[in-house]
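What follows is a single structure, written as structure tokens, with notes after it.
When a residue number appears, it is its place in the shown sequence, counting from 1. For clarity, every value in this text was computed on a predicted model and none was experimentally measured.
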Amino acid sequence: GCPPVGIRLPLPLDTKSSAVQEEPARRSTRTMAQQQERDLWGFDVDGPVPECLIEIRARSEREWAALVASSGEDACTSGTVEAKELVRRCGIAPSRRHELWMVWSGAQALKEDRLAGYNALTLKAAEDAYREKHTAQFEQVEVDLERTFPEHSFFRKGDPRGGLDILRRILTAFIVDSPEVGYTQSMNYIAGFMMLVVNLDKPLAAEELASAEEDAFWLTYALCRRAISGYHSPDLRGLRTDLHVFNTLVAVKMTQLSEHLTQLGFPKIDFVVSRWFLCCYFGVLPAETAVRAMDLFFAATHGGSALGRDGPTVLMRVGLALLSWIEPTLLAVTPSDSIRACMAIQEAGKDVMCAAELDMLLFTAFEEVGELHTIHQMRTRLDHATGDEDGAAATGITAPGTGKRKRRAGARVWEADAARAKTRIVTRSVAAEEQADSQRPAGMPISSPGKPTVKSSRRFNGHTVAALKLSCQDNNA
């Protein structure tokens, strides 16, 4: 039941534009059966859900039940090595995702510490005097409400479940909680998806509904205010820092692609991939793919693991994997048609629809990408170079008033990080090859005929991924 694994090439600009213009008309002519086709999260899709995704969900439920039977409930909530290995292999069981995201993100502790917190925030947000004082932010929330997942019936105007009303209360509560930070665009996608994770789109009793709404708020709070702190601040400090680090990683680990993008006029790809990080891939990747990525995110956030020291490291791994998937497409783009590179990056991952593709994406992110131990060092050096006030101004995503001197300082750090890391990897590679040569029996050729050379996971690239995807396709045939 799985579609063939492959890389979907972006449409030419004029074709894609016309397709967007014709979308309303095309949808209006669909049959009723086609209109009712939805994925596992309730999003409208053009075809049936691949059976393999349903099967992997069932397998996940069985394996988590087996873990509880052998090690008890604490093995799940405490995030044991076995539990996190299950997250890597098949994701969190759907029946346990709400509970484990709450615990692993710290949202449950926040909810218990501030028992009347959410209700008090919503009451304050409903006061006319307070709304008038923060008119601009409340107006921005209203603008973004109907932009949130229009392909999901729960977020459509007039839906009897009141999805937009719930989303409004959650977002305006943020304004009251931290007026100096308040609401920032893209938080609506995070909050909206958290509403689906806690089953607010399902029939719930009144008491369950109120508790689930509060859980959605605290999940969003734990993610935006703690796990990715600074991504949604007025100066975007945390986002700009991590985009700087991501640029460095692309330059080091995907040298050919980085140099080609520079020739295309994209020496840094911040402005293209910033939405990946701001939305935590919600609304960027297919729903099930984004959820599996965030399972790994929260597993890493909860005390760290082999999956990463923190959540943002997981976001970077997934970003590098997405770029590697479309690397052959990007390398084929010519400078005269550079807009196709932007389109390919924006569409990256949207064809990860079946279990085989999803597993291969995560394999690329956590096996092929290799070690990312220098991320925290790069963040620290960048903050010192640019100052604590303006943060990482090295990237193209800059806050109003960021000085040119600090942007230049950040750029120098970016170039130094890339050069330092490249030198380290080359040195290690040469040393490894010299050691292998010294241990090779006399007369043995460097590369035995008919036996493929095993490459280090540090040297992953689009061709490696393409070969893995072909192998995956053969296995599904």
Taking the side chain as every heavy atom from C-beta outward, state whether [X] and [Y] have any pair of such atoms under 4.5 Å apart.
X	Y	answer
Leu243	Ser274	yes
Phe154	Leu200	yes
Ser258	Leu261	no
Tyr231	Ser186	no

Before you tell me yes or no, could you show the steps for Leu239 and Ile228 under side-chain contact (heavy atoms from CB on, under 4.5 Å), namely the whole-Å CA-CA distance, both residues' side-chain angles and the distance that decides it to 0.1 Å?
CA-CA 8 Å; Leu239 173 68; Ile228 53 173; over 6 Å; no
For Glu213 and Tyr118: C-alpha separation, side-chain torsions, deciding distance, then whether side-chain contact (heavy atoms from CB on, under 4.5 Å) applies.
CA-CA 9 Å; Glu213 179 177 334; Tyr118 178 64; 2.6 Å; yes
Could you pull out the closest heavy-atom pair between [X] and [Y], with the gap in Å?
X	Y	result
Thr80	Ala75	OG1-O, 3.1 Å
Thr329	Ala344	CG2-CB, 4.3 Å
Leu145	Arg168	CD1-NH2, 3.4 Å

I'd like to know if Arg96 pairs up with Glu73 as an ion pair, taking the criterion as any Lys NZ or Arg NE/NH1/NH2 lying under 4.0 Å from an Asp or Glu carboxylate oxygen.
yes
To the closest 0.5 Å, what do you measure between CD1 (Ile190) and OG1 (Thr220)?
7.5 Å
Are Arg57 and Trp41 in a cation-pi setup, meaning NZ or CZ lies under 6.0 angstrom from the ring centre and within 45 degrees of the ring axis?
yes
Check whether NZ of the Lys or CZ of the Arg Arg147 lies under 6.0 Å from the centre of the six-membered ring of Tyr189 and within 45 degrees of that ring's axis.
no
Relative to the ring of [Y], is the ring of [X] parallel (under 30°), tilted (30 to 60°) or perpendicular (over 60°)?
X	Y	answer
Phe155	His152	perpendicular
Phe246	Phe277	perpendicular
Phe271	Phe266	tilted
Tyr221	Trp218	perpendicular
Phe149	Phe43	perpendicular

For Arg161 and Asp159: C-alpha separation, side-chain torsions, deciding distance, then whether salt bridge (charged side-chain N to carboxylate O under 4.0 Å, His left out) applies.
CA-CA 6 Å; Arg161 293 167 291 180; Asp159 185 86; 2.9 Å; yes
Evaluate whether atom CZ of Arg226 has more than 12 neighbouring non-hydrogen atoms of other residues, nucleotides or ligands under 6.0 angstrom away.
no
Can you tell me if Lys133 has over 12 outside heavy atoms packed within less than 6.0 Å of its NZ?
no
Before you tell me yes or no, could you show the steps for Arg292 and Ile92 under side-chain contact (heavy atoms from CB on, under 4.5 Å), namely the whole-Å CA-CA distance, both residues' side-chain angles and the distance that decides it to 0.1 Å?
CA-CA 8 Å; Arg292 287 286 300 279; Ile92 297 176; over 6 Å; no
